[in-house]
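We count ligands from 1, going down the list as the structure has it; atoms in each ligand are counted the same way.
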Amino acid sequence: MTADLLASLAGTKGLPPVWLMRQAGRYLPEYRAQRARAGNFMNLCLTPSMVREVTLQPLRRFDLDAAIIFSDILLIPYALGFGLTYNEAPQLEPVGETIPEGPPEGWLERLTPVYEAITLTRRALAEGIDGTARTSPPSLIGFAGAPWTLACYMIDGSGETNFARTANLARTNPALIDQLIALLTPLVADHLIAQVRAGAQVLQLFDSWAGLIPADKQERWLIAPTRAIVQAITKSETPAPVIGFPRGLGLAALDFAERTAVTAVTLDSTVRLARAIALTSLPLQGNIDPMHLMIGGEALDRQVDRLAAHGFHHPLIANLAHGVVPQTPPEHVARFVRRLRQPSP
Ligand code: 1CP
């Protein structure tokens with residue numbers, strides 16, 4: 001039986017539905033082959049039929065309850081006209097001293113291939129993909145990077161710097177970050193709403209670097225922008241559940257969830273799930289350590305059994321605490337999903 005991701009967000013308890021952050025991508029040989037055929041990463045991201053294929057790849061192998069559209073958070077800066085190249089890691093043309101007040105004309109149209117890919121993928125999911133038999137079609141998840149995490153890449157150009165320039169500006173010129181976040185917040189909302197219109201049923205907002213925000217700036221750069229994005233989606237003609245992921249906040253993710261009104265919140269690997277469950281009735285997502293998935297074996301089984309048991313008394317979406325790492329053997333993902341469906345007593 002396949003649980004329904006949307007039902008679980010509404011609070012259904014039982015065996016938790018499952019998908020994995022970064023479930024498509026470098027750990028899968030068929031992804032590497034498709035990426036080689038695409039020539040480069042941007043071409044892959046902007047060719048709808050290839051995006052559909054790569055999005056479906058993990059679902060052809062594993063009995064997952066959701067597909068996450070294959071895309072990247074850096075496509076928003078790309079659409080704003082910042083040069084973006086991917087070799088081993090992404091490299092983004094950094095912002096200068098002046099932040100534009102608004103986006104260039106027609107910026108959202110540059111992302112049309114993303115929306116076309118969503119429509120194609122939703123159709124393929126409804127028609128049924130070969131591989132595992134399912135009682136209901138998997139949900140399609142759309143996503144975006146949160147304004148702060150986008151700002152980190154737009155200021156530093158890549159993650160290789162440990163965001164030193166961002167860290168410096170956050171303390172010496174916070175007004176510049178205010179301006180960047182003010183620019184990005186409505187654009188992130190527009191991009192997410194456009195994904196729902198195209199067929200995405202659930203949204204996840206990745207704030208991968210939320211843990212780098214100085215405590216006295218959390219309200220301005222984390223809470224207020226997320227709340228505004230959630231509100232825009234809720235008030236749009238196509239409301240959809242939003243899963244927040246303020247990575248690096250630990251248990252403060254629960255406070256984040258209440259203040260931003262996200263539908264569910266993803267917990268990072270610093271949180272003991274039992275503790276979080278004791279503190280909230282909100283739907284939670286997570287939080288198996290990606291290293292356990294990489295290592296596999298009985299240690300992974302124990303983690304999965306514990307997670308599955310929590311699902312019977314709390315609304316839960318089984319997932320990792322961050323993305324699948326490229327060194328993960330695909331058989332470990334198969335073991336994870338099989339075990340979750342049939343936990344040992
Ligand atoms: O083939 C390749 O070499 C490219 C590797 C790759 C892939 C597979 C990148 C470059 N992006 C992606 C796809 C991607 N990115 C997805 C869809 C796949 C899926 O989840 O199934 C998603 C959801 C993302 C989101 C993303 N991109 C985040 C947030 C999630 C997280 O992991 O924290 C971030 C921070 C990025 C930036 C990015 N894009 C790619 C890389 C290697 C990075 C990290 C760079 C860095 O921080 O140095």
Side-chain angles (χ1 to χ4, degrees), residues 18-46 50-62 64 66-78 82 84-92 114 117-118 121 138-164 166 188 191-192 195 200 202-212 243-249 266 268-269 285-286 290 293 319-328 330 333:
V18 58
W19 68 280
L20 303 180
M21 293 187 277
R22 313 296 292 262
Q23 66 191 23
R26 287 179 291 188
Y27 74 105
L28 289 176
E30 59 269 36
Y31 167 78
R32 292 195 294 268
Q34 180 68 260
R35 189 195 193 292
R37 277 196 296 276
N40 67 66
F41 183 75
M42 286 306 280
N43 193 32
L44 179 54
C45 284
L46 297 173
M50 287 198 275
V51 170
R52 176 191 56 197
E53 268 331 289
V54 171
T55 302
L56 296 179
Q57 281 172 351
L59 284 94
R60 297 198 204 281
R61 279 185 182 249
F62 317 119
L64 297 160
I68 180 164
I69 196 68
F70 186 84
S71 188
D72 198 79
I73 63 165
L74 300 179
L75 289 193
I76 286 184
Y78 156 82
F82 292 91
L84 178 58
T85 52
Y86 283 89
N87 293 313
E88 278 307 299
Q91 196 65 45
L92 190 63
V114 176
I118 287 174
T121 307
S139 303
L140 183 57
I141 302 175
F143 72 92
W148 164 260
T149 288
L150 294 181
C152 287
Y153 287 100
M154 290 175 75
I155 292 167
D156 269 83
S158 81
E160 283 162 6
T161 54
N162 291 323
F163 304 107
T166 307
V188 170
H191 181 44
L192 288 171
Q195 291 181 60
V202 179
L203 299 168
Q204 172 145 322
L205 192 56
F206 285 94
D207 217 342
S208 306
W209 301 108
L212 300 180
I243 307 172
F245 183 27
R247 191 173 75 91
L249 251 60
T266 306
D268 65 37
S269 58
Q285 176 169 272
L293 187 64
N319 206 315
L320 299 177
H322 196 193
V324 178
V325 299
Q327 298 85 346
T328 305
V333 179

Where's the contact between [X] and ligand 1, heavy-atom distance under 4.0 Å: side chain, backbone, both or neither?
X	answer
Arg35	side chain
Pro90	side chain
Ser71	backbone
His322	side chain

With rounding to the nearest 0.5 angstrom, report the [atom1] to [atom2] distance, [X] to [Y].
X	Y	atom1	atom2	answer
Ile141	Ile243	CD1	CD1	5.5 Å
Trp209	Trp148	CH2	CH2	11.5 Å
Met50	Cys45	CE	SG	10.0 Å
His191	Ile76	NE2	CD1	5.0 Å
Leu84	Leu74	CG	CG	5.5 Å
Trp19	Phe62	CH2	CZ	15.0 Å

Do the side chains of [Y] and [X] get nearer than 4.5 Å, heavy atoms only?
X	Y	answer
Leu20	Val333	yes
Phe70	Gln57	no
Tyr153	Pro77	no

Under 3.5 Å between any N/O of [X] and any N/O of ligand 1: does that happen in this structure?
X	value
Ser208	yes
Tyr31	yes
Asn87	no

[X]: numbered ligand 1 atoms lying under 4.0 Å from its heavy atoms:
X	value
Ala24	18 (C), 19 (C), 21 (O)
Phe206	23 (C), 29 (C), 30 (C)
Ile73	25 (C), 26 (C), 27 (N), 28 (C), 34 (C), 35 (C), 36 (C)

(Q) Heavy atoms only: which of Trp19, Tyr86, Phe70 lies closest to atom 10 (C) of ligand 1? (A) Tyr86
**Q.** Heavy-atom proximity to atom 9 (C) of ligand 1, best of Phe41, Phe163, Tyr27, Phe245
**A.** Phe41
**Q.** Tyr86 versus Asp72, side-chain donor and acceptor atoms under 3.5 Å
**A.** yes
Which protein heavy atom lies closest to [atom], and at what distance to 0.1 Å?
atom	result
atom 15 (N) of ligand 1	Asp72 OD1, 2.9 Å
atom 23 (C) of ligand 1	Phe143 CZ, 3.4 Å
atom 5 (C) of ligand 1	Arg26 NE, 3.6 Å
atom 32 (O) of ligand 1	Arg22 NH1, 2.7 Å

Q. Does ligand 1 have an atom under 4.0 Å from some heavy atom of Gly323?
A. no
Q: Tell me, please: is Tyr153 in heavy-atom contact with ligand 1, that is, under 4.0 Å?
A: yes
Q | Electrostatic pair Glu53:Arg60 at N-O distance under 4.0 angstrom | A | yes
